[in-house]
Amino acid sequence: MCGIVGAVAQRNIVPVLVEGLRRLEYRGYDSCGVAVLSNGEPRRARSVARVADLDEQVVRETQLSGMTGIAHTRWATHGAPVTHNAHPIFSRDTVALVHNGIIENYEALREMLRGKGYEFVSQTDTEVIAHLIHSMYRGDLFQTVRDAVQQLHGAYAIAVIHKDQPHTVVGARQGSPLVVGVGEGENFLASDALALAGSTDRFAFLEEGDVVEITLEGVKIADRDGLPAQREVRVVSAYGGAVELGPYRHFMQKEIFEQPRAITDTIPQSDSFDADLFGEKAAGVFSEIDSILILACGTSYYSGLTAKYWLESIAKIPTQVEIASEYRYRESVPNPKSLVVTISQSGETADTIAALKHAQSLGHKHTLAICNVATSAMVRQTELAFLTHAGTEIGVASTKAFTTQLTALFVLAVTLAKMRGFVDAKREAAYLAQLRHLPAALNSVLALEPQIIAWSEEFARKENALFLGRGLHYPIALEGALKLKEISYIHAEAYPAGELKHGPLALVTEAMPVVTVAPNDALLDKLKSNMQEVRARGGELYVFADADTRIVSEDGIQVIRMPEHYGALSPILHVVPLQMLAYHTACARGTDVDKPRNLAKSVTVE
Ligand code: M6R
């Protein structure tokens, strides 16, 4: 999604702004731009290519330089990704503005502003904000932005400069993230603290409705009621390494291989599964609840689907899993004794945050976030939180965030099971031992990469694929299919294998590869029958089989042998070869793996 950087300094900040954009590239974008006040005039450079192209323009072609500026990566919502829609957007060569989000009432505002003589040169919703601020400016940009945002409906984070205020950037946020970076005699704004790694490690996280002014001297914030506000300045470090690729070809590959470390960091240090892992109030909350409602999107939704099996089989607690963008708009029956669990890598996904707020508005008082970003809006919005320690995930395709979410959800299931008397001390110790051995088991799965590369050469020539799983591994099949379509653009669908004969079997021919997740669990014999249904129609099976399943390669069946069955935690092992298959197939097809077409990392608009 769109990324924002802003800076006020006593040095040329163009390199800082462009470096910030480079660090935000992972969010996904289709154009980018930078504007600075240069000799009292706003000047800009914009590109519909990559940030590297923008860098080339500002360094070699225009030699853009200035001490106050804003920059942007745009993920198109209103208006095609062409130069005249790229931000910064100007109003009458006086105001320059960047925006992340969607302004829902932009058409009405555009008509009103046209009536005042403003000409629109882009198809963006953003242009109305720039003209609105220009039309309302009376010498104080901070006050103008406070007044102007009162007229905006929708979600936004903005940063704006005005030619008459040479050392000022004003920002505002409502529904989209914006952080303040506090420096020495210089200050910054950004969508994500990661953008400012190397410039500062001190950050203030703005609240919904805040308007902020940064100058050389300091930071001034007004809250949604227009009252002066203080936001705690926190030191946030360890961001730098995340944007370095090291020996890997892509961030996705790096992140797949980081999973043993990420899971080790997410497994609790303590020797028991206790409620306080989820927050001070968790013991009280967990003893009150009678069910769980999980809300999430995409890959995070699939981790929720997997967790349903654990929560119902281990903790015997009824669990419902809903796609956040559906839940937020459907009429549902709230149960105040249900724990609402939101799962998110970023903690900024607009649909999941809206679903959480919707649940709260319906009377759900107990909420838990499972999230990878401690400072995110989601973590601030819930009563309880459990942080995954995946580290920054750059690749748009989620990998280590998924397996750390599964780890966290397994800890939740065992913790609830223990409180509810379904897990005794011996079983608890066994679960803990299995969790702690998981990183080593994952390393043995990662060692399968050469065999997976061989398969990927064949997959790269396909246009369709089916993924099969059963029970706890059905959501893993869904995740495998999502990974493949997301980065290789091969159409892939996943089914619970028992559903094949109810429709999708019609698709099976010699041309259809059928990826099968085959753990040695209670459903193995059923799965083997489903595999025969595929073979009988000439379908080619690609099976990830536990070593103890006795499934062997034969005509039309290729097998990659996984470690022996890993019990309840098996889904965490089985998803990894599917991630690698998607990754290497995408590489073989030559797609932009880390930034697949049309997608963004952090989906901060509806
Ligand atoms: O940050 P979140 O976990 O809330 O993001 C949810 C989805 O947008 C995300 O998982 C998406 O499906 C990934 N690109 C999948 O790889």
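One-based numbering, in listed order, for ligands and for the atoms of each. Only this structure's heavy atoms are used, side chains among them; waters, hydrogens and symmetry mates stay out.
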For atom 1 (O) of ligand 1, what's the nearest protein heavy-atom neighbour? Residue, atom name and distance, please.
S346 OG, 2.7 Å

Looking at atom 8 (O) of ligand 1, what's its closest protein heavy atom, distance included?
V603 CG2, 4.0 Å

Minimum-distance protein heavy atom relative to atom 13 (C) of ligand 1
E486 OE2, 3.4 Å

Top protein contact for atom 10 (O) of ligand 1, by heavy-atom distance
T299 N, 3.2 Å

Stacked cation flag R597 on Y489, 6.0 angstrom / 45 deg
yes

What atoms in ligand 1 come closer than 4.0 Å to a heavy atom of K483?
15 (C), 16 (O)

Taking I317's backbone N and O only, do any of them form a donor-acceptor pair with T319's side chain (distance below 3.5 Å, no angle check)?
yes

Is any NZ, NE, NH1 or NH2 atom of the basic residue among E258 and K254 found under 4.0 Å from an Asp or Glu carboxylate oxygen of the other?
yes

In terms of ring plane angle, is the pair Y106 and H78 parallel, tilted or perpendicular, where the classes change at 30° and 60°?
perpendicular

In ligand 1, which numbered atoms sit nearer than 4.0 Å to a non-hydrogen atom of T349?
1 (O), 2 (P), 4 (O), 5 (O)

Within less than 4.0 angstrom of ligand 1, does E348 place any heavy atom?
no

T352 to ligand 1: N or O pair under 3.5 Å?
no

Can you report which non-hydrogen protein atom sits closest to atom 7 (C) of ligand 1, along with the distance?
C297 O, 3.7 Å

